[in-house]
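Following: one structure in structure tokens, then a few remarks.
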There are 2 protein chains.
Amino acid sequence: MSRTSYLDVKAVILGRIRSGELAPGDTVPGEAALAGEFGCARVTVNRALRELAGAGVVERRRRAGTRVLDPTPRDAAVEVPSVRAEIEATGAEYRYELLARRIAVPPRQVRAALGLGPRARALHLRCRHWAGASVHQIEERWINLDVVPAARKVDFAATGPNDWLIRAMPLSRVEHVFSAANANAAEAELLGLAPGAAVFVVERRTWIDGRAITRARLVHPGATHRLVARTQSPL
Amino acid sequence: MSRTSYLDVKAVILGRIRSGELAPGDTVPGEAALAGEFGCARVTVNRALRELAGAGVVERRRRAGTRVLDPTPRDAAVEVPSVRAEIEATGAEYRYELLARRIAVPPRQVRAALGLGPRARALHLRCRHWAGASVHQIEERWINLDVVPAARKVDFAATGPNDWLIRAMPLSRVEHVFSAANANAAEAELLGLAPGAAVFVVERRTWIDGRAITRARLVHPGATHRLVARTQSPL
DNA sequence: GAGTGGTCTAGACCACTCA
DNA sequence: GAGTGGTCTAGACCACTCT
């Protein structure tokens, strides 16, 4: 019998969170209990939980124990808050609007981003997010139905795909690509801007276990949108 | 006598790197040696060095030991490569151009960003970075001379402020704010774009020990510039 | 083969925080 | 006061990699 590694402990706890056995807000068993369960030293459990805390998956406090955190904003090096939270923090009212929903063969570029074959179909959504009376973001999203078959049955009329995916596929990996562009006619129309106005574009891809979940193109009015990235290296 | 903490070890090693006693490329003494020097257990040294490696300050390999890394791209959550490296990676020729250098009282916003009083003076630089025949970036920079007095004597004719600061003040903390805008007349002129073209704007602030070193506003042509941010949380 | 980091164990004490 | 995480020690074995 081989010894238990902190990586094993980490993987098991992460698995319990992914599966829902441990839900956000739940308290993870104490280090001593887990050490007993895994038959390893307490330090080993400590390291596993410490790294999960560093990754933002759980929160640890002395007397209170270890709790599972909401899987909301912790998954990016850059702070990309949930659209709703970001807007409501400014005091404006958040409103979500679904403009289109269909299942279709994505354009070549999107197929490549999602790792799909030439004739594979995916779920396409076009949404608009409002902050009060002005448009905060338009969203062009493709969801890989091979990885998230459950999305096929969701209508996304009331809940945006991002909020839904965060719950359905927690703890995924994210890549963001930022750029600036002049709004084309369609974008300007949807955003309520003059054609040619500067827009801030975010392209977001999400993976779980190496499989691409979704690809979103998020377009913001350039005049108002800013994105902050802070170094948090523990020096 | 109190016990030595891994934080003490970390701070001392970091201090030796900051002071230049350990230069990039140097090998840090082995764990056993440091444990002897600090009079602590080897695991304590191990944790200190492991965290420094996680922060990108050093690199560790089994047989080879622990080496101090170049302080170049490791200080941001977002990969913000050095301008030179980014351009040369594409095969284009990098050229740096200093447009203006003066010591003056910065505008109010910059004073606030640098934590300067109403009449404090700072070093102002305006630079342009070329990728082959096209402009890659224009740079509007203020340097806090209270924190970096050595900059007063540097002419920045050949070396850009970013390259110089990386060597002069290694291991600093960074904040980036990204946004999109339409180029104004002056920016369009310097960038070789039509007025109103979309530009990608990065505002970068850097600190060391809680004191603001510098503030730069970097403006890129929106059509070509993209910025990638990947999550690297060790799940 | 030898040297360096990587990790585990068992036991201990401390620090924080809640009741 | 009691329970939980935070950390240190001392010793051990393993894994990788360079010579």
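The sequence lines fix the lettering, A, B, ..., with proteins before strands; numbering per chain opens at 1.
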Using a strict threshold of under 4.0 Å (side-chain N to carboxylate O), is an ion pair present between [Y] and [X]?
X	Y	answer
A/R215	A/E203	yes
B/E140	B/R128	no
A/R84	A/D163	yes
A/R204	A/E175	no

[X] side chain N/O closer than 4.0 Å to the phosphate oxygens (OP1, OP2) of [N]?
X	N	answer
B/T44	D/dT7	no
B/Y6	D/dT7	yes
A/T66	D/dG5	yes

In a table with atom names and distances, give each donor-acceptor pair under 3.5 Å that connects a side chain of residues 144-158 of chain A to protein atoms at least two apart or in another chain.
unit_1 : atom_1 : unit_2 : atom_2 : d
A/N144 : OD1    : A/D146 : N      : 3.0
A/N144 : ND2    : A/A212 : O      : 3.0
A/D155 : OD1    : A/A157 : N      : 3.0

Taking atom [atom2] of [N] as reference, at what distance in whole Å does atom [atom1] of [X] sit?
X	N	atom1	atom2	answer
B/R47	C/dT7	CZ	P	13 Å
B/R50	C/dT7	CZ	P	7 Å
A/N46	C/dC8	CG	C1'	13 Å
A/F38	C/dT9	CZ	P	12 Å
A/E51	D/dG6	CD	P	13 Å
B/D8	D/dG6	CG	C1'	14 Å
B/R67	D/dT17	CZ	P	14 Å

Check: For DNA chain C, what are the stems built from at least three Watson-Crick or G-U pairs in a row, each pair having both distances below 3.5 Å?
Finding: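 Output for stems: C:1-18 with D:1-18.
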Margin query: If you take any heavy atom closer than 4.0 Å to DNA chain C, which residues from residues 24-36 of chain B end up in contact?
Written below: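 Residues of residues 24-36 of chain B that come under 4.0 Å of DNA chain C are, in numerical order, B/G30, B/E31.
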Checklist line | Residue among A/I143, A/T159, A/T206 satisfying side-chain contact (heavy atoms from CB on, under 4.5 Å) with A/L165 | finding: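 Running side-chain contact (heavy atoms from CB on, under 4.5 Å) over A/I143, A/T159, A/T206 with A/L165 returns exactly one hit, A/I143.
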Notebook entry, point to check: With the sugar-phosphate defined as primed atoms, P, OP1 and OP2, and the base as all remaining atoms, what B/S/- string results for nucleotides 11-19 of chain C, 5' to 3', for protein heavy atoms under 4.0 Å?
Noted result: BB--BBBB-
Item checked: Residues that A/R95 engages under side chain to side chain contact (heavy atoms under 4.5 Å, CB included), provided they are two or more places apart ->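 Side chain to side chain contact (heavy atoms under 4.5 Å, CB included) list for A/R95, sorted by chain: A/W130.
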Check: Minimum heavy-atom separation for B/I213 to B/W207, with atom names?
Finding: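 In terms of heavy atoms, the two residues are closest at CD1-C, 3.8 Å.
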Check: Under the ring-ring contact (aromatic ring centres under 6.0 Å, His included) test, which residues partner B/Y96, sequence neighbours left out?
Finding: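 Partners of B/Y96 by the ring-ring contact (aromatic ring centres under 6.0 Å, His included) criterion, ordered by chain and then number, come out as B/H129.
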Item checked: CG-OG1 distance between B/L34 and B/T44, expressed to the nearest 0.5 angstrom ->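 These two atoms lie 11.5 Å from each other.
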Notebook entry, point to check: Under 4.5 Å between any side-chain heavy atoms of A/W142 and A/L114, yes or no?
Noted result: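 Side chain of A/W142 against side chain of A/L114, heavy atoms only: contact under 4.5 Å found.
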